[in-house]
Amino acid sequence: LDRAVYHSVLEAHDTVFIEFYANWCAACHAMSSEFDAFAKAASKKYPNVAIARADITKVEYLSSSYMVSMLPELVFIRRPSPGVTPEVRYVSANLTTPDLLDYIGGGWTVDKPVGDYTSLWCTPTNLCGHIGGLIGECVVTLDTRFNRFDLPPWAFTAVFVSVLYLLGQVVIGLLSRVFRRRYRAHINQKFDDTIRGAANAPSTPKAESKSSGQGSATKRAKSKTSKKD
């Protein structure tokens, strides 16, 4: 499988059985003949089921999408009904032809789907899986092209991203300083105009009414005094 074939197989079949392996994996070589026998038997008994293999060293997209952590890894993909997001299960059956055939026939019900599929998009076959696959491809690309220090791929990627982040902060700081100098006069002038406008603003009507009220109170007090006299 590669990415293009994987997507075409997933669209054309409601049930897909994938073995993830690597050439350096001794257990994968030990199981190879048994898986071949299972694939032949399954193609006859379940012709609508697609049986495939994926080399994790060549298809980083798939191994990252399914977060493969052990080898060999068997994945059972089943779409409950047309147009529905496929369910993904990590096969817990024994790695023998009869047990794997029984698994396809209904034994898959003992395994829960990955993540219980509470969200339509957060599945290995949907958005989250696609993003994870792209991240995995980026990690391998960076490691292949730039890693000259024999660091683990994910560690090298973390260092690489951290350096890019620091460089970005430096560039943003320099640009902000340049623009601040260029527009400082304009900003200061606008600030001064705002201050002058606030200082020269006429008094509010409320203040005037208050002062007029105080004046009328003074007049009344004077009139009362004159009457007493």
Minimum heavy-atom separation for [X] and [Y], please, with both atom names.
X   : Y    : result
P72 : A27  : CD-CB, 3.9 Å
I18 : L1   : CD1-CD1, 3.9 Å
C25 : C28  : SG-SG, 2.7 Å
N23 : H29  : O-NE2, 2.6 Å
A93 : Y103 : CB-CD1, 3.8 Å
R89 : D111 : NE-O, 2.6 Å

Treating Ile, Leu, Val, Met, Phe, Trp and Tyr as nodes and any side-chain heavy-atom pair under 4.5 angstrom as an edge, say whether [X] and [Y] lie in one connected cluster.
X    : Y    : value
L62  : W24  : yes
W108 : V114 : no
M67  : V16  : no
V68  : L74  : no
Y46  : L95  : yes

Kindly determine whether R78 and I104 satisfy side-chain contact (heavy atoms from CB on, under 4.5 Å), including the steps that lead there.
CA-CA 10 Å; R78 177 181 174 275; I104 294 178; over 6 Å; no
Any side-chain to backbone donor/acceptor pair from D55 onto F20? Under 3.5 Å, distance only.
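Here the side-chain-to-backbone pair does not exist.
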Check for a donor-acceptor pair, side chain of E34 on one end and backbone N or O of T97 on the other, with a separation under 3.5 Å.
yes
Hey, can you tell me if Y6 and Y66 have their rings parallel, tilted or perpendicular (30° and 60° cut-offs)?
perpendicular
Which word best sums up how the rings of F35 and F17 line up, parallel for under 30°, tilted for 30 to 60°, or perpendicular for over 60°?
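The arrangement is tilted - the two ring planes meet at 30° to 60°.
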Non-hydrogen side-chain atoms of L100 and V91 separated by less than 4.5 Å:
yes
pair I56-L71: side-chain heavy atoms closer than 4.5 Å:
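The answer is yes; the side chains approach within 4.5 Å.
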Give, for atom [atom1] of [X] and atom [atom2] of [Y], the distance between the pair rounded to the nearest 0.5 Å.
X   : Y   : atom1 : atom2 : answer
I51 : K40 : CD1   : NZ    : 14.0 Å
Y21 : S32 : OH    : OG    : 8.5 Å
Y90 : E73 : OH    : CD    : 6.5 Å
E19 : F38 : CD    : CZ    : 10.0 Å

Pair R79 + D14: basic N to acidic O under 4.0 Å
yes
Between the side chains of D99 and T96, is a donor N or O closer than 3.5 angstrom to an acceptor N or O?
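Short answer, yes.
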Any side-chain donor paired with an acceptor under 3.5 Å for Y61 and D2?
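D2 and Y61 do not have a side-chain donor-acceptor pair below 3.5 Å.
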